[in-house]
Amino acid sequence: MVSIDPFAFHLDAHVPEHTIVRIMDHADVDVHSSTLNTVDIQRLAMLKDAGKRRDLERSLIAVKRELADLTGKSASQVDVTHDSKGAPALSSSPGMHISISRTAGWSAVAVSRQNALGIDIEHMRPVDWTSMQNMVCTSEETAFLSRLGADALPAFYRLWTAKEAVMKAVGEGFRMGARSLSLPNAFLTGAEPHALISTGHGVFSVSCTHHDHLMVSLATATD
């Protein structure tokens, strides 16, 4: 399993000192050496599509292995739980903030003992972003993206991942409302890989980068 820090070679990234980010290529994870618990197995059983079920199984194993490495525990000791809103917690390491994200073939984790945080990873594939604009974009963002032509798609993925990362850091997810957040134009184009986003829950530092076909955003609380 390949595990890398996607922000390691980006000098403009604003990753707090005590925050660790990893993305993992879980496509080749051995599912026969699984350390999944009953909750994980029940979650897998709910997926009817065999391909999606196998991808999630590999991701769950990869995340446990990575969290084990980051916390100095064995994979069998790592216990990821979720609150009523779906936010993850690491009951095996009290006081540790964690965030998890998944896209086809890849997983992402972020951990910190100091800051609430959120991570989002998306596989950049051709999509009609205009069909989703009313769900995630402010009117100003929609107008700006519409002027970007061929550059609109990567800008949309920056917007999507950044907003989802912030909503995860808040602990609300999409129920918070992506349109309640506004991102600077320079951040959307990639000219500025970092932004400070004000929300009703405080100010969050957001950094975005890409690795091959992946877009990755990290949001951390500043207070």
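Quick caveat, the model's predicted, so the values are computed rather than measured.
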Here the gap from Phe156 atom CZ to Cys137 atom SG, rounded to the nearest 0.5 Å, amounts to 5.5 Å
| Test item: Asn115 side-chain N/O and Ala221 main-chain N/O as donor-acceptor pair under 3.5 Å | yes
task = Spell out, yes or no, whether Val127 and Leu159 are grouped together once hydrophobic residues are joined by side-chain heavy atoms under 4.5 Å, including indirect joins.
result = yes
To the nearest 0.5 Å, atom NZ of Lys163 lies from atom CZ of Arg158 at 15.0 Å
Any carboxylate oxygen within less than 4.0 angstrom of a Lys/Arg side-chain nitrogen, looking at Asp69 and Arg22? no
| query | Between Arg179 and Thr138, does any side-chain donor sit less than 3.5 Å from a side-chain acceptor? | reply | no
Side-chain touch Ser182/Glu140, heavy atoms, less than 4.5 angstrom | no
Test side-chain contact (heavy atoms from CB on, under 4.5 Å) on Val111 and His97; report intermediate values, then the result.
CA-CA 6 Å; Val111 300; His97 298 282; over 6 Å; no
Here the gap from Ile121 atom CD1 to Ser99 atom OG, rounded to the nearest 0.5 Å, amounts to 11.5 Å
For Ser93 and Lys73 the tightest heavy-atom approach is OG-CE, 3.3 Å
Between the CG atom in Leu60 and the CG atom in Leu44, the distance rounded to the nearest 0.5 Å is 5.5 Å
Is it the case that the side chain of Glu164 and the backbone of Gly173 share a donor-acceptor pair, with hydrogens and angles ignored and the cut-off at 3.5 Å? no
ILVMFWY cluster, Leu188 and Val166 together (side-chain gap under 4.5 Å): yes
Output for pair (Glu66 CD, Ile20 CD1), nearest 0.5 Å, gives 9.0 Å
Can you find a side-chain donor-acceptor pair between His26 and Asp55 that sits under 3.5 Å? yes
- May I ask you to check whether Asp120 and Ser217 show a side-chain donor-acceptor distance below 3.5 Å? no
Is there side-chain contact between Ser76 and Leu36, with heavy atoms separated by less than 4.5 Å?
no
For Leu47 and Lys52 the tightest heavy-atom approach is CD1-O, 3.8 Å
Leu145 vs Arg147 side-chain heavy atoms within contact, under 4.5 Å
no
All heavy atoms of Met1 vs all of Asp25, minimum pair found to be CG-O, 3.5 Å
- prompt: Do you reckon Leu117 sits in the same ILVMFWY cluster as Val15, going by side-chain contacts under 4.5 Å, direct or chained?
  reply: yes
A side-chain contact here means heavy atoms from C-beta on lying under 4.5 Å apart; do Met24 and Arg65 qualify? no
Smallest heavy-atom separation, Cys208 atom then Met215 atom, equals SG-SD, 3.6 Å
key: Phe144 vs Ser139 side-chain heavy atoms within contact, under 4.5 Å   = no
Point to revise | Leu153 vs Met124 side-chain heavy atoms within contact, under 4.5 Å | key: no
- Exam field: side chain Tyr157 to backbone Val216, donor-acceptor pair closer than 3.5 Å: no
Check: Any sub-3.5 Å donor-acceptor pair from Lys168's side-chain atoms to Ile119's backbone N or O?
Finding: yes
- According to the interplanar angle, ranging from 0 to 90°, do the rings of Trp160 and Phe174 count as parallel (below 30°), tilted (30 to 60°) or perpendicular (above 60°)? tilted
(Q) Is there a path of hydrophobic side-chain contacts, each under 4.5 Å between heavy atoms, that joins Leu196 and Met167? (A) no
Cluster question for you: counting only ILVMFWY and a side-chain heavy-atom cut-off of under 4.5 Å, with indirect links fine, are Ile61 and Ile98 together? yes
Taken to the nearest 0.5 Å, the spacing of Arg113 CZ from Thr71 OG1 works out to 8.5 Å
- Message: One pair to check against side chain to side chain donor-acceptor pair (under 3.5 Å): Arg102 and Ser107. What are the steps and the verdict?
- Response: CA-CA 4 Å; Arg102 299 178 171 91; Ser107 303; 4.7 Å; no
**Message:** Are the side chains of Met96 and Leu67 in contact, using a 4.5 Å heavy-atom criterion?
**Reply:** no
Worksheet item: Where do Met176 and Thr199 land on the side-chain contact (heavy atoms from CB on, under 4.5 Å) test, with the steps shown first?
Response: CA-CA 10 Å; Met176 177 178 167; Thr199 76; 3.9 Å; yes
Self-check item: Whether Thr103 side chain and Trp106 backbone form a donor-acceptor pair below 3.5 Å
Solution: no
Tightest non-hydrogen contact, residues Ala116 and Ala169, listed as CB-O, 3.8 Å
query: Just by distance, do the side chain of Ser198 and the backbone of Val203 share a donor-acceptor pair under 3.5 Å?
result: no
Smallest heavy-atom separation, Phe187 atom then Pro193 atom, equals CE1-O, 3.6 Å
So, Ser92 and Gln77: side-chain donor and acceptor under 3.5 Å apart, yes or no?
no
Open item on the list: Looking at Leu214, is its backbone amide N or carbonyl O close enough to the side chain of Asp212 to form a donor-acceptor pair, meaning the two atoms are under 3.5 Å apart?
Closed with: no
* Asked: Side chains of Leu218 and Val206: closer than 4.5 Å at any heavy-atom pair?
  -> no
Practice item. Look at the side chain of Thr189 and the backbone N and O of Ala186, then say whether any donor-acceptor pair between them is shorter than 3.5 Å. Key: yes
